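Below is one structure; the comments refer to it alone.
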Amino acid sequence: MTNYEIARRFEAIADILEIQGENPFKVRAYRVAAETIDDLEDDLATIHERGKLRELPGFGEAIASKTADFLATGTTAIWERIKDAVPAGVVKMASIPGVGPRTAKALWEALEVASVEALEAACREQRVRAIAGFGAAKETKLLEKIEAWKRLNEKMSRRWALPLAEKLAAELRKIEGVERVDIAGELRRGCESIAEIEIVVGITVLISEELKDAQLRVRTEAQKVGGLEWKLEGKYPGLISSVKSGEPEIWVDITDINAFEETLFGCTGPVKFTEQGLVWHDSTPGFLDVSRLTFIEPELRDWPDVLELARTGKLPKLIVEADFKGQLHEHTTWSDGTASVREMAEAALERGYAYLAITDHSPLLAIANGLSRERVLAQLEEIEALRPEFAAQGLAILSGLEVDILKDGTLDMDDDVLEKLDIVVASVHMRYKEDEAAMTARICTALASPHVDILGHPTGRIMGQREGYPLDIDAVIATAAKYGKALEINSSPERMDLCDEHVKLAKAAGVKIAINCDAHSVKSLGNLDWGLCIARRAGLEIGDVLNCWDLKALREWLG
DNA sequence: GCCGTTTTCGGCCCGACTGTTTTCAGTCG
């Protein structure tokens with residue numbers, strides 16, 4: 001099993017134990033193990049071979065032994081024992097924000113509802129309010145939560161769809177006769193939520209009998225992937241095989257390797273784009289539209305005016321990962337990160353960055369071990385002590401804070417402390433259930449503060465779980481423009497906040513964007529892709545993105 | 001289940017919000 005699969009398995013164990021009412025600390029131990037695995041750079045198999053599993057944080061005797069079981073056999077005793085104890089639908093119910101394990105268990109036991117759909121029906125039939133501990137108000141709220149959850153999960157978040165597609169692609173690559181495998185469709189276009197996973201498979205076999213064989217092997221391999229159930233149909237020529245699963249729909253397109261690029265183009269879509277008179281030009285890596293040869297980046301192909309922009313030579317020159325000079329919103333062990341300032345700085349150096357801002361949490365966020373004013377000042381001393389050593393290697397460590405925006409728009413730290421810092425990211429973490437006017441005023445007040453540089457995760461959304469708080473985004477953008485403040489694309493996969501549409505609006509208003517990993521570990525410093533695809537879909541160029549600037553330009557902007 | 005020890009078991013990030021069971025349990029970040 002891969003790291004990813006084992007981590008998901010430990011999470012599944014935690015979910016089930018939690019619903020069963022197990023000791024919450026035991027439940028947490030499994031979750032911590034999953035987090036540790038997600039943060040690993042190396043394969044668990046390699047670590048196990050070296051006999052180092054027990055050295056991983058949160059890995060005691062039990063977790064290490066279960067990990068070894070998973071590596072050797074694909075399962076372990078506790079998983080076999082509990083995997084069927086709680087229906088998957090009940091686990092799903094518990095995952096709906098605001099429901100939780102206790103409530104899911106109570107509903108399951110009292111009404112025998114074992115799926116989100118059954119629970120929704122029970123709410124509509126007013127059967128929930130009859131249960132002890134529930135009432136009409138709770139029933140109404142529950143229905144609202146289910147509806148919000150369904151809206152958010154109509155499509156699969158990129159966060160989950162991409163690993164799934166990569167896993168499938170890796171399996172397909174192992175098949176003999178398969179020359180090339182690429183992910184196409186919405187994923188290639190950088191979409192944040194995915195209705196269809198499309199994968200193009202290029203094969204070398206040209207005889208139809210052999211091709212049939214290859215398809216058979218593809219089918220066999222595909223069935224093994226991700227625990228999904230596959231149904232695969234296909235015929236030659238054209239070789240479009242549809243593979244259906246619950247969510248999202250999965251297409252595997254098998255093509256002769258000589259027609260690979262053309263197929264990849266067609267399967268990348270969207271249909272509106274590919275049908276607009278473009279033909280694949282196979283002698284040049286690009287597409288020949290009627291007037292002019294131009295390669296149009298997949299992320300731009302959803303723009304309604306992209307062909308006109310291409311014809312007139314006005315396509316934006318999209319940023320790539322190599323353009324990034326540093327990162328501006330990271331956490332350390334001072335608050336809720338897992339790496340020290342030094343470790344984060346070393347990781348930034350390894351990535352070739354010229355600067356790194358340390359922005360731990362402010363005191364209100366007690367659960368994240370937010371920093372009091374005294375601790376901010378102490379951290380500042382530590383940073384200043386580390387600076388010469390890292391400056392000599394070409395890395396500037398910027399001091400900062402991710403300061404909470406309080407209910408009235410004031411900041412969770414004294415001005416004289418903020419004044420001493422290089423950079424301040426202001427974010428909302430608490431009391432986000434306010435109406436649009438209040439939340440907009442609150443955020444705009446914060447943006448007006450002379451100390452604030454960047455508005456962190458501006459809408460507060462969590463992919464697949466929580467809609468952003470109600471916000472007049474136009475007013476926020478206008479305020480950011482007025483005071484010369486940047487908005488963040490938070491690049492952590494669970495946030496991806498702002499979305500591409502909002503970023504496009506911000507760019508049009510001349511507002512600068514910071515693309516930040518919001519890293520809580522060394523590994524998550526590499527989470528740039530999630531924000532990068534939003535930036536590229538929004539057409540951002542180097543000039544639009546603060547952390548694509550060199551240190552001098554950044555410092556000038558910070559003032 | 002992990003951890004750090006007073007090496008064998010007690011403590012495990014904590015404060016706010018919500019609905020209702022009206023005094024606290026469940027959930028969230």
Side-chain angles (χ1 to χ4, degrees), chain A residues 9-11 13-37 53-67 69 76-79 81-82 93-108 110 128-145 148-149 331-338 360-372 375 402 404-407 412 427-434 456-457 460-462 465-469 490 492 494-495 497 518 520:
Chain A
R9 198 67 98 211
F10 279 136
E11 270 176 6
I13 292 172
D15 289 340
I16 293 169
L17 292 181
E18 195 170 31
I19 291 168
Q20 290 182 324
E22 226 340 324
N23 173 2
F25 297 105
K26 184 192 277 194
V27 171
R28 195 168 141 236
Y30 281 103
R31 294 203 197 285
V32 167
E35 282 171 22
T36 297
I37 295 170
L53 283 178
R54 288 292 307 274
E55 291 175 23
L56 299 174
F59 272 58
E61 201 176 329
I63 297 275
S65 138
K66 288 168 175 58
T67 303
D69 288 347
T76 190
I78 187 176
W79 175 245
R81 198 162 62 242
I82 67 168
M93 277 158 51
S95 79
I96 297 175
V99 178
R102 304 272 174 176
T103 307
K105 187 187 186 198
L107 291 163
W108 176 39
V128 170
R129 63 180 66 185
I131 309 170
F134 290 79
K138 210 162 180 174
E139 186 180 73
T140 310
K141 287 274 181 193
L142 196 54
L143 199 51
E144 283 171 14
K145 285 166 187 166
W149 182 85
H331 298 270
T332 71
T333 45
W334 279 84
S335 64
D336 58 348
T338 59
D360 277 303
H361 289 289
S362 61
L364 186 73
L365 218 58
I367 191 171
N369 194 21
L371 274 60
S372 62
R375 293 182 66 224
E402 183 183 16
D404 257 79
I405 301 174
L406 304 178
K407 189 169 179 155
D412 184 31
S427 308
V428 170
H429 290 107
M430 310 184 96
R431 300 190 185 94
Y432 54 82
K433 285 172 184 164
E434 295 189 51
H457 41 77
R461 75 167 176 179
I462 304 290
Q465 288 179 59
R466 189 175 79 199
E467 289 165 320
Y469 26 73
N490 189 289
S492 59
E494 66 269 23
R495 289 193 184 271
D497 180 10
D518 191 0
H520 287 69

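What you see is a predicted model; the values in this text were computed from it and never measured. For the numbers below, each heavy atom of this structure counts, side chains included, while hydrogens, waters and symmetry mates do not.
- Few gaps surround CD on A:E467; more than 12 heavy atoms of other groups in view lie less than 6.0 Å from it.
- A:H429 and A:H457 have perpendicular rings, their planes meeting at more than 60° on a 0 to 90° scale where under 30° would count as parallel.
- A:P24 comes within 4.0 angstrom of nothing in the nucleic acid, heavy atoms only.
- Between B:dC17 and B:dG10, the distance separating the two C1' atoms is 30 Å to the nearest Å.
- For B:dT7, the base adopts the syn conformation, since its glycosidic angle falls within 90 degrees of zero.
- Backbone-only engagement by A:F59 is indicated by non-hydrogen atom pairs under 4.0 Å involving sugar-phosphate atoms exclusively.
- OP1 and OP2 of B:dC28 both lie 4.0 Å or more from every side-chain N or O belonging to A:R466.
- Nucleotides B:dC9 and B:dA16 are separated by 36 Å at their P atoms, to the nearest Å.
- Looking at which nucleotide of DNA chain B each of A:L56 and A:I96 is closest to, the 5′-most match is held by A:L56.
- In this structure, the side chain of A:E139 engages the main chain of A:R129 through a donor-acceptor pair within 3.5 Å.
- Residues A:G100 and A:K66 each lie close to DNA chain B; by heavy-atom proximity, the contact nearer the 5' end of the strand is made by A:K66.
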For nucleotides 7-14 of chain B, list the nitrogen or oxygen atoms of the protein found under 3.5 Å from its nitrogen or oxygen atoms, one pair per line.
| unit_1 | atom_1 | unit_2 | atom_2 | d |
| --- | --- | --- | --- | --- |
| B:dC13 | OP1 | A:R28 | NH1 | 2.5 |
| B:dC13 | OP1 | A:R28 | NH2 | 2.8 |
| B:dC13 | O2 | A:I367 | O | 2.6 |

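- Between the side chains of A:D336 and A:H520, at least one donor N or O lies within less than 3.5 Å of an accepting N or O.
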With side-chain hydrogen bond (donor to acceptor under 3.5 Å, both in side chains) as the test, would you mind laying out the steps for A:N490 and A:D497 before giving the verdict?
CA-CA 5 Å; A:N490 189 289; A:D497 180 10; over 6 Å; no
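- Under 4.0 angstrom from either OP1 or OP2 of B:dT18 there lies no side-chain N or O belonging to A:K138.
- Remark: the backbone N or O of A:W334 is paired with a side-chain donor or acceptor of A:T332 at under 3.5 angstrom.
- Across all strands shown, B:dT8 forms no Watson-Crick or G-U wobble pair with both distances under 3.5 Å.
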